[in-house]
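First the structure, in the form of structure tokens, and then the observations on it.
These figures come from a predicted structure and were not determined experimentally. So you know, we letter chains A, B, ... as the sequences are listed, proteins then strands, and number each from 1.
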Amino acid sequence: MDKVYNQQEVENKWYKFWEDENYFKATPGDSKKPYSLLMPPPNVTGALHLGHAMQHSILDAIARFKGMQGFNVLLLPGVDHAGIQFEGTLNKLLEKEGTSKYKLGREEWLKRAWKFKEESYNSVSATWRTMGLSADWSREVFTLDPKVAKAVLTEFKTFWEQDLIYKGAYIVQWCPKDATAIEDVEVEYEERKEKLYYLKYGPFTLATARPETKFGDTAMAVNPNDKRYKNDIGKEFEIETLTGMRKMKLVGDEAIDPKFGTGVIKVTPGHSFVDYEIGKRHNLPIIHVIDKTGRLTEIAGKYAGMKVAEAREAMLPELREKGILVKEEEYTHTVPVCERCKTVVEPIISEEWFVSMQPLAQKALKRIGEVSFAPKNYQKIISDWIKNIHDWCISRPLWWGYQIPVWYCLSCNPTHQVANKSSRGVIISQNKPTENCSSCGKQDWVQDEQLLDTWFSSGLWPMATLGWPENTVEFEKYFPWDFEISAGEIKYLWIARMIMLSLHFTDQIPFKNMFFHGMIRDLQGRKFSKSLGNGIDPNELREQWGTDALRMALFSYSAPGRDGRANKQTMDERAKNFRNFGTKLWNIGRFIIDMKSNVILNEVKEIDSSTTLRSAQNDNDKQILEKLNKTIKEVTKNLETFNLHLATETLYEFIWHEFADKYIESTKNRREQAQPVLEHVFRTCLELLHPFMPFITEELWQKIPHQGKSIMAAAWPE
RNA sequence: GGACUCGUAGCUCAGUGGUAGAGCGCUUCGUUCACAUCGAAGAGGUCAGAGGUUCGAUACCUCUCGAGUCCACCA
């Protein structure tokens with residue numbers, strides 16, 4: 001054996017060997033009990049980060065463990081097209097090149113998008129392999145693949161026929177920068193110090209943080225039990241709007257907090273969620289003041305065309321002059337911003353597509369208990385969200401992804417009117433329909449412009465990857481998945497949706513075990529982000545310390561649901577520790593394999609555990625075998641319960657401080673007698689360690705007496 | 001305003017109803033030894049604070065303080 005362990009060479013050699021010998025390939029046809037693991041598809045927008053590396057290492061460790069236990073393992077990989085995020089990243093790139101989405105036009109842009117997807121994908125794919133992932137590459141899926149397209153169409157069509165999809169004008173969170181509706185879950189709140197303005201509205205004074213929406217006011221509201229205003233409820237007042245006088249009613253509504261400001265608020269149903277609801281209850285008209293680019297509309301008179309923040313400043317002098325603005329107060333509140341671009345989002349009324357979630361939610365709540373969560377409390381967190389679920393806005397004005405498969409008949413439905421499946425001049429189809437319109441008999445189809453929300457397709461991930469809606473062998477064998485993993489971040493967007501969709505369409509939960517890993521943050525506890533420049537490149541760590549060492553370092557952060565803090569230095573420290581552990585293993589190997597006495601070298605060895613145990617007469621032998629047994633039990637238990645951080649700790653402690661430090665030292669003066677036990681314990685350790693450190697364990701295992709072609713196929717020690 | 005998580009050695013983190021743990025860092029010593037990518041020895045902690053349950057609490061309960069996350073239409 002070489003004196004020094006050549007990590008790079010060993011990693012390349014064995015990964016190629018495993019792939020060439022089909023060790024990663026799932027075999028749905030065989031009779032072994034299945035164990036299926038579904039890789040969450042990373043976005044095809046850039047390189048993989050430390051969190052991915054951890055997630056994939058966990059998946060791989062469990063897959064290898066289950067494989068050694070004799071299961072028929074499927075670890076299925078894939079990537080997500082990630083609509084909004086992908087377009088955002090690509091458009092930034094185009095901006096740098098001095099061009100843009102709109103300059104290129106849809107066709108050219110899409111060509112460019114596919115090229116960009118390939119580049120990103122290649123980087124992702126390369127990292128997967130170097131991390132040692134034992135995924136079945138022959139079954140890799142991209143969310144825009146034809147088989148997923150088929151599933152998405154089925155999903156849409158089924159919802160449509162079940163009357164769960166509808167189109168309508170609703171108030172939605174709108175990001176002016178991304179020019180798209182976004183969902184509640186994609187909105188973040190930032191604390192801002194702003195002003196609260198007290199404005200004269202006829203006989204009343206009211207407080208508002210948003211004077212610029214004044215042009216869209218159609219009423220005033222008070223709490224119906226507020227004695228100060230009780231007698232005025234229902235009366236109409238002439239109100240100065242800066243563009244003329246307008247009649248507004250004072251309505252009574254429970255939603256109003258009498259303690260806020262003066263107890264009176266202005267109602268702008270077109271640009272506030274609360275006001276929209278109040279408007280619905282009192283039949284108030286809606287006026288659009290803010291357009292989809294975040295500027296005021298012509299309703300705002302001379303302020304038209306200004307951005308919201310500009311307009312707010314610009315109108316203050318006039319408000320003061322006319323005696324409308326009577327008081328200003330410092331005011332700290334939270335404003336909604338887009339989680340991606342941090343732009344203040346505007347509630348805007350827009351034509352969007354929705355899925356009615358109530359029936360799905362009810363079913364999910366009944367059966368969510370069938371999913372075993374780690375940590376356990378995630379079941380409650382997700383259930384609570386599902387209990388209060390809103391309808392799902394699934395339309396997005398994008399170009400990258402699935403276009404809504406709705407076609408309008410231009411002859412009988414030129415304005416794209418549609419409420420539900422009974423609307424006329426509408427048809428659901430993936431491609432341009434070839435049939436005639438059932439209403440007017442003509443063939444003049446045009447497709448809905450918008451695209452489907454990315455999660456509409458990734459919500460089907462557990463099913464679509466196995467060929468659903470076809471009843472495939474794979475689906476039969478591997479669904480529901482035994483193991484799924486995710487960051488806590490997307491528990492609602494993705495995990496909750498997969499559970500609801502899967503139960504709705506297949507009547508089965510999508511996965512039996514749902515593991516949430518924590519998030520690795522920087523030393524101040526902030527998320528890693530490009531803008532902060534605090535990210536750590538897993539590839540850099542891997543090149544420096546080796547894949548096995550990096551994986552071990554990541555496992556030490558893998559306690560379910562626990563966040564960790566790290567920077568390059570602390571990651572280096574941990575990785576270095578496990579690189580040293582690898583060196584230790586290598587030297588144990590050299591001792592056992594190379595440093596045999598001549599007597600042993602001449603002997604023909606076969607593995608026979610009874611021989612091993614019989615020869616273990618010495619107290620040290622008995623002790624180490626006993627401790628090994630305990631270690632096997634503990635490691636197995638911790639793997640079964642997905643406590644990889646404990647499993648690795650146990651092994652580290654046993655191998656280094658029991659086996660190497662104590663037992664090996666004790667054998668130096670009775671080498672021949674101890675050799676069978678040395679080999680037995682070492683081989684068992686390598687097998688136990690293989691799920692975590694796949695490369696060095698294979699390399700060393702091949703050098704000692706063993707059965708079979710690869711440690712991947714060795715039986716898990718018992 | 002609700003819900004949750006965390007607070008343990010200088011740093012990053014495990015852990016447990018019964019004498020406080022690891023790695024890194026630090027101090028001292030040690031290279032004919034499988035291993036200096038190492039070994040031996042060591043310093044370093046009222047386990048955030050207060051109260052309660054208990055024979056016994058760092059662990060279980062309550063409160064306080066501190067850090068963080070998520071949810072919520074506060075104008």
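Spacing of C1' atoms, U12(B) relative to U31(B), comes out at 31 Å, to the nearest Å. The gap from the P atom of U37(B) to that of U32(B) amounts to 16 Å, rounded to the nearest Å. Rounded to the nearest Å, the gap between the C1' atom of C73(B) and that of G2(B) is 15 Å. Distance noted for atom C1' between C6(B) and A14(B): 14 Å (whole Å). To the nearest whole angstrom, the two P atoms, one in A59(B) and one in G23(B), are 25 Å apart. The gap from the C1' atom of U16(B) to that of A43(B) amounts to 25 Å, rounded to the nearest Å. For the P atoms, the distance from A48(B) to G10(B) is 13 Å, rounded to whole Å. Between A50(B) and C65(B), the distance separating the two C1' atoms is 10 Å to the nearest Å.
Between Trp385(A) and Tyr492(A), the ring planes lie parallel to each other; the angle is under 30°, not in the 30° to 60° tilted range. Using bins of under 30°, 30° to 60° and over 60° for the plane-to-plane angle, the ring pair His288(A)/His271(A) lands in the perpendicular bin.
In terms of position on RNA chain B, the residue among Phe581(A) and Lys527(A) whose nearest nucleotide sits closer to the 5' end is Phe581(A).
Going from atom CD of Glu212(A) over to atom P of A75(B) covers 12 Å, rounded to whole Å. Put simply, CD1 on Ile520(A) is 17 Å from P on U69(B), counting in whole angstrom units.
Remark: Pro375(A) pairs with Asn377(A), Tyr378(A), Phe516(A), Pro560(A) by the side chain to side chain contact (heavy atoms under 4.5 Å, CB included) rule, at least two apart or across chains. For Trp545(A), there are no ring pair (Phe, Tyr, Trp, His ring centres under 6.0 Å) partners two or more places apart in sequence or in a different chain. With sequence neighbours left out, the ring pair (Phe, Tyr, Trp, His ring centres under 6.0 Å) criterion links Tyr276(A) to no other residue. Every residue meeting the side chain to side chain donor-acceptor pair (under 3.5 Å) condition with Arg526(A), not counting sequence neighbours, appears here in chain and number order: Asp522(A), Gln524(A). Under the side chain to side chain contact (heavy atoms under 4.5 Å, CB included) criterion, Glu328(A) pairs with Lys195(A), Tyr197(A), Arg320(A), Leu325(A), not counting sequence neighbours. Taking the ring pair (Phe, Tyr, Trp, His ring centres under 6.0 Å) definition, one finds that Trp174(A) meets it with nothing, sequence neighbours left out.
As judged by a 4.0 angstrom heavy-atom cut-off over every strand, Leu523(A) is placed among residues touching the sugar-phosphate backbone only. Residue-level contact check: Gly488(A) touches neither bases nor backbone, having no heavy atom under 4.0 Å from any strand. Among the heavy atoms of the strands lying under 4.0 Å from Val4(A) is at least one base atom, whether or not backbone atoms are also near.
We find that Glu665(A) and Lys668(A) are joined by a salt bridge, their nearest charged nitrogen and carboxylate oxygen being less than 4.0 Å apart. By the 4.0 Å N-to-carboxylate-O rule, Asp275(A) lies too far from Arg210(A) to be salt-bridged with it. Look at Lys630(A) and Glu658(A) and you find no salt bridge, because none of the NZ, NE, NH1 or NH2 atoms lies under 4.0 Å from a carboxylate O.
Residue pairs meeting the salt bridge (charged side-chain N to carboxylate O under 4.0 Å, His left out) criterion with at least one partner in residues 571-583 of chain A, sequence neighbours excluded, are Lys568(A)-Asp572(A). Within the structure, salt bridge (charged side-chain N to carboxylate O under 4.0 Å, His left out) contacts touching residues 634-656 of chain A (residues at least two apart or in different chains) are Lys66(A)-Glu640(A).
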**Message:** What does the B/S/- profile of nucleotides 1-7 of chain B look like, 5' to 3', with a 4.0 Å heavy-atom cutoff to protein?
**Reply:** ---SSS-
**Item:** B/S/- contact track for nucleotides 22-27 of chain B, protein heavy atom under 4.0 Å
**Value:** -SSS--
Filtered N/O pairs between nucleotides 32-36 of chain B and protein, under 3.5 Å:
unit_1, atom_1, unit_2, atom_2, d
A34(B), O2', Asn587(A), OD1, 3.2
A34(B), O2', Arg590(A), NH1, 3.4
A34(B), N7, Lys668(A), NZ, 3.2
A34(B), N6, Ala660(A), O, 3.4
A34(B), N6, Glu665(A), OE2, 3.2
A34(B), N3, Asn587(A), O, 3.1
C35(B), O4', Asn587(A), OD1, 3.3
C35(B), O2', Asn587(A), ND2, 3.2
C35(B), O2, Lys584(A), NZ, 2.6
C35(B), N3, Lys584(A), NZ, 3.0
C35(B), N4, Glu665(A), OE2, 3.4

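Scanning RNA chain B for stems, defined as runs of 3 or more consecutive Watson-Crick or G-U wobble pairs whose donor-acceptor distances all fall under 3.5 Å, gives the following ranges: B:1-7 with B:65-71, B:10-13 with B:21-24, B:26-30 with B:38-42, B:48-52 with B:60-64.
Of the options Thr218(A), Thr208(A), Asp217(A), a side chain to side chain donor-acceptor pair (under 3.5 Å) to Lys266(A) is made by Asp217(A) and by none of the others.
Atom NZ of Lys249(A) sits in a sparse spot, with 12 or fewer heavy atoms from other residues, nucleotides or ligands closer than 6.0 Å.
In the set A75(B), C11(B), G15(B), G15(B) carries the atom at the smallest distance from any side-chain atom of Leu646(A).
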